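Worksheet: the structure to be examined is printed underneath.
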Amino acid sequence: MNKKYIALLSSMVLLSPLIGGMQVQADTLDELNREKQQLEQKSEDVQNKINDKESSLQKLEDEKSNLESHVAELQESIDELLLQLDKQEEELQKIEQKINDLQERIEALQIIIEQRTEKLNNQARVIQTEASMTDMVSIVMNAESLTDMVGKISTVNRLITANKDIVIQQENDKQEVEDTKAAVEDERVAAEELKQQIIVSKNNVVAQQNELNHQITLVLENVQLTEKEKSKLQATKSDLASQTSEISSEIAAEETRIEQERIAREKAEAERIAREKAEEEAAAAAAAQAANNMVASSESSVPSSVSSSSVGGFIRPASGYISSPYGMRFHPITGTYHSHNGIDFAGSGPIVAAREGTVEVATYSPSWGYYVVVNHGTIDGNNVKTLYAHMTPGLTVAPGQSVSAGQQLGTMGTTGESTGVHLHLEVYENGTRINPLKYFSL
């Protein structure tokens with residue numbers, strides 16, 4: 001190892017002044033023995049320093065090896081998430097293309113329906129102009145001959161049959177339009193769910209890259225690296241920071257695009273309802289003229305959904321027992337006695353939202369590890385938020401997402417400053433930590 005040789009050379013340099021500066025001027029055998037013992041002792045001291053240096057160099061190599069292994073594992077996980085994002089993006093494009101195809105089919109059917117409606121209107125005007133054609137008695141009385149009467153009756157029958165077939169086809173096409181519109185709505189719901197999954201996946205990539213940055217920072221602070229190795233790690237950290245910034249920008253852009261699409265969709269839906277209402281009124285008037293003495297009525301109802309949510313107390317966010325309550329305690333890592341600003345649940349399994357709200361933070365930090373903050377809005381005049389810390393990588397929510405009580409946020413872990421698998425829960429009122437027992441009955 002080159003560093004071992006460097007350390008050995010350094011020790012020889014340290015030793016050379018001792019040897020060169022040593023002037024043996026012994027008059028007696030005892031003096032020579034004493035000087036020999038002193039030289040041997042100094043040589044032993046130098047050798048101990050060499051051994052210490054070699055030990056330090058070996059520890060450095062071990063820590064570098066562990067870091068490289070951990071970096072490789074995290075990078076592999078990030079690469080898998082990026083591949084998953086590519087697949088999700090491709091699936092989203094397929095759904096959007098399917099929506100476009102269904103929309104084109106709707107527009108084509110609406111053109112056919114309008115053409116049939118115009119044809120029915122024209123026939124209705126002919127019937128009104130030639131009213132005697134529908135009057136069977138008048139046909140019989142005015143027929144010049146039996147052949148003339150049979151011919152007129154046959155003409156009326158063909159007209160009625162043709163109109164009946166057109167009306168049936170018209171109703172079938174209208175039903176297909178409604179079915180296709182329902183399919184479009186189903187595809188839109190699927191697209192919205194997939195978009196939310198993409199946002200969550202991108203947020204998890206950002207969180208894992210934050211963890212990787214933290215691991216590199218620890219090595220830079222606690223391990224004595226050469227300047228070349230340090231520069232290499234700093235370049236890696238800078239590159240990861242650039243990737244994090246790019247994905248964060250993509251999330252912001254994706255959230256903006258989803259909001260714009262929602263506004264445009266609501267506007268288009270309002271215009272569609274208004275247009276369909278006008279078309280239905282025009283079609284009803286035309287049908288009334290064509291059917292003359294026949295009355296057609298149709299009723300449509302739109303089911304309404306009623307959602308209710310409890311605004312009562314908070315539910316337990318995780319299983320397990322309370323291993324550390326709120327209040328003063330000895331910190332398990334630092335050993336100092338100070339305030340514990342939350343409640344710890346020891347155990348394993350999923351972590352859920354204690355109450356409905358909006359996710360404000362879902363990322364990684366050196367102290368809390370993977371953690372989530374949920375804003376529950378105003379309760380009894382106070383803005384209340386909850387924080388869930390030390391989760392495993394792979395959060396199931398992203399910032400800006402609405403969550404319901406009991407919805408999973410992540411899984412109990414031991415990331416960040418933690419000595420074992422647990423959930424650290426904190427409650428904030430107007431930005432200040434409070435005892436969670438004010439809202440929880442545990």
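The model shown is predicted, which means the values in this text are computed figures rather than measured ones.
Checking Tyr321 against Ser323 by side-chain atom types alone, no donor-acceptor pair falls below 3.5 Å. Residues Glu426 and Asn341 have side chains that never bring a donor and an acceptor to within less than 3.5 angstrom of each other.
Here the side chains of Ile343 and Ser324 are not in contact, with every heavy-atom distance at 4.5 Å or above. Annotation: side chain of Arg116 is in contact with side chain of Asp173 (closest heavy-atom distance under 4.5 Å). When side chains are defined from C-beta on, Pro366 does not count as touching Glu417, because their heavy atoms never get closer than 4.5 Å. Two residues are said to be in side-chain contact when any heavy atoms from C-beta on lie closer than 4.5 Å; Phe440 and Arg316 fail this criterion. Looking at heavy atoms from C-beta onward, Val403 lies out of side-chain contact with Thr358 at the 4.5 angstrom threshold. Using a 4.5 Å cut-off on side-chain heavy atoms (C-beta onward), Ile95 and Leu194 make contact. Counting heavy atoms from C-beta on, the side chains of Ile322 and Asp344 never come closer than 4.5 Å. Looking at heavy atoms from C-beta onward, Ile111 lies out of side-chain contact with Glu107 at the 4.5 angstrom threshold.
The pair Glu261-Lys195 meets the salt-bridge criterion, since a charged nitrogen lies less than 4.0 angstrom from a carboxylate oxygen. In this structure, Arg262 pairs ionically with Glu266, as a charged nitrogen and a carboxylate oxygen lie closer than 4.0 Å. Glu429 has no carboxylate O lying under 4.0 Å from a charged side-chain N of Lys385, or vice versa, which leaves the two without a salt bridge. Note on Glu90 versus Lys87: no salt bridge recorded, every NZ/NE/NH1/NH2 to OD/OE distance being 4.0 Å or above.
When atom types are taken as modelled, the side chain of Asn203 and the backbone of Ala362 share a donor-acceptor pair closer than 3.5 angstrom. A distance-only check finds a donor-acceptor pair linking the side chain of Asn430 to the backbone of Asn383 [under 3.5 Å]. Thr415 places no side-chain N or O within 3.5 Å of a backbone atom of Gly369 that could act as its donor or acceptor partner. For Ser201 (side chain) and Gln197 (main-chain N/O), a donor-acceptor pair under 3.5 Å exists by modelled atom type. One N or O on the side chain of Gln407 and one on the backbone of Ser404 form a donor-acceptor pair closer than 3.5 Å. A side-chain donor-acceptor contact under 3.5 Å links His340 to the backbone of Pro325. Although no hydrogens or angles enter the test, the distance criterion places a donor-acceptor pair under 3.5 Å between the side chain of Asn204 and the main chain of Leu395.
The aromatic rings of Phe314 and His376 sit perpendicular to each other, their planes meeting at more than 60°, with 30° as the lower class boundary.
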